[in-house]
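Because the structure is predicted, anything quoted here is derived from the model rather than measured. We're numbering straight along the sequence, starting at 1.
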Amino acid sequence: MLLIREIMYCKPGKVRPMVEKFLAMGKLNEKLGLGKMRVMTDFCAERYWTIVSEFEVPSMQAFEAMMQGQGQSAEAMKEMENLMKGYHELVEHGRREIYKIEA
């Protein structure tokens with residue numbers, strides 16, 4: 001099992017709109033059977049305006065398939081595209097961390 005962590009550093013004043021996008025994406029992922037996503041904002045972090053989302057996948061192949069939309073309907077893909085529209089205007093930069101869950 002792998003833990004995927006998406007870390008986004010938002011522009012000042014843009015955290016709430018990005019959180020709303022992540023929460024909506026999490027609901028859509030659950031509806032599509034892709035598991036539960038946890039969304040967190042910084043209380044104290046290396047940088048202000050940080051958002052972190054985490055979710056688990058069984059393998060890298062499953063993660064790659066999810067990122068490519070394999071097995072998802074055109075309607076679901078369109079909904080995801082609409083959810084993430086304009087997110088580049090909210091974020092300065094981000095990164096992804098992938099961890100193997102040992103226990």
Side-chain angles (χ1 to χ4, degrees):
M1 186 68 69
L2 301 173
L3 173 74
I4 310 295
R5 181 177 288 156
E6 305 282 357
I7 302 167
M8 299 289 176
Y9 301 104
C10 293
K11 296 176 181 176
K14 301 300 181 182
V15 171
R16 183 53 42 196
M18 193 65 190
V19 166
E20 291 169 4
K21 286 184 179 294
F22 270 113
L23 292 174
M25 183 172 46
K27 285 181 184 176
L28 178 59
N29 283 349
E30 270 192 88
K31 185 174 110 179
L32 297 172
L34 298 175
K36 191 165 182 68
M37 176 188 289
R38 183 171 26 194
V39 179
M40 301 163 280
T41 56
D42 68 286
F43 186 76
C44 177
E46 180 181 332
R47 294 186 50 159
Y48 292 115
W49 309 299
T50 300
I51 299 174
V52 177
S53 70
E54 294 181 338
F55 56 95
E56 295 179 10
V57 294
S59 66
M60 278 306 295
Q61 293 80 10
F63 177 63
E64 290 172 2
M66 182 187 82
M67 294 302 286
Q68 294 171 1
Q70 291 179 9
Q72 303 306 321
S73 68
E75 180 181 311
M77 294 301 294
K78 188 68 173 173
E79 188 174 346
M80 185 64 76
E81 183 181 314
N82 287 335
L83 281 175
M84 295 313 290
K85 193 176 289 182
Y87 90 93
H88 287 124
E89 286 78 43
L90 306 175
V91 175
E92 286 184 357
H93 70 277
R95 70 179 200 269
R96 176 178 293 137
E97 299 173 349
I98 301 175
Y99 297 95
K100 181 179 176 189
I101 298 174
E102 298 289 348

On a heavy-atom basis, the closest approach of Lys21 and Leu83 is NZ-O, 2.7 Å
| request: State plainly whether the residues Glu92 and Lys11 are in salt-bridge range, i.e. N to O under 4.0 Å. | output: no
- Query: Near His88 NE2, under 6.0 Å, is it more than 12 heavy atoms from other residues, nucleotides or ligands?
  - Reply: no
Do Met18 and Val52 sit in the same hydrophobic cluster, where Ile, Leu, Val, Met, Phe, Trp and Tyr count as joined when their side-chain heavy atoms come under 4.5 Å apart? no
Salt-bridged, Lys78 to Glu81, with N to O below 4.0 Å?
yes
dist Glu6:CD -> Glu97:CD (nearest 0.5 Å) comes out at 9.5 Å
What one should report as the nearest heavy-atom pair of Leu28 and Met80 is CD2-CE, 3.7 Å
All heavy atoms of Ser53 vs all of Met37, minimum pair found to be CB-SD, 3.9 Å
Rounded to the nearest 0.5 Å, the CZ atom of Arg5 sits from the CZ atom of Arg38 at a distance of 8.5 Å
### Message
In this structure, would Trp49 and Met40 fall into the same cluster of hydrophobic residues linked by side-chain contacts under 4.5 Å?
### Response
no
Value for SG (Cys10) from CD (Glu89), rounded to nearest 0.5 Å, stands at 12.5 Å
CD1 of Ile98 to CD1 of Ile4, rounded to nearest 0.5 Å, is 4.0 Å
Between the CZ atom in Arg16 and the OG1 atom in Thr41, the distance rounded to the nearest 0.5 Å is 7.0 Å
If Ile, Leu, Val, Met, Phe, Trp and Tyr residues are connected whenever their side-chain heavy atoms lie under 4.5 Å apart, and connections chain through other members, are Val57 and Leu3 in the same group? no
message = Under 4.5 Å between side-chain heavy atoms, counting indirect links through other Ile/Leu/Val/Met/Phe/Trp/Tyr residues: same cluster for Phe22 and Ile7 or not?
response = no
When every non-hydrogen atom of Ile101 is compared with those of Leu2, the smallest separation belongs to CD1-C, 4.1 Å
Original post:
Around Glu75, counting heavy atoms of other residues, nucleotides and ligands shown, do more than 12 lie under 6.0 Å from its CD?
Top reply: no
Tested for side-chain contact (heavy atoms from CB on, under 4.5 Å) against Leu34, the lone hit among Glu56, Met25, Met66 is Met66
Q) Can you check whether Val91 reaches Lys14 side chain to side chain, under 4.5 Å on heavy atoms? A) no
Hphob cluster co-occupancy, Met77 + Phe55, side-chain heavy atoms under 4.5 angstrom
no
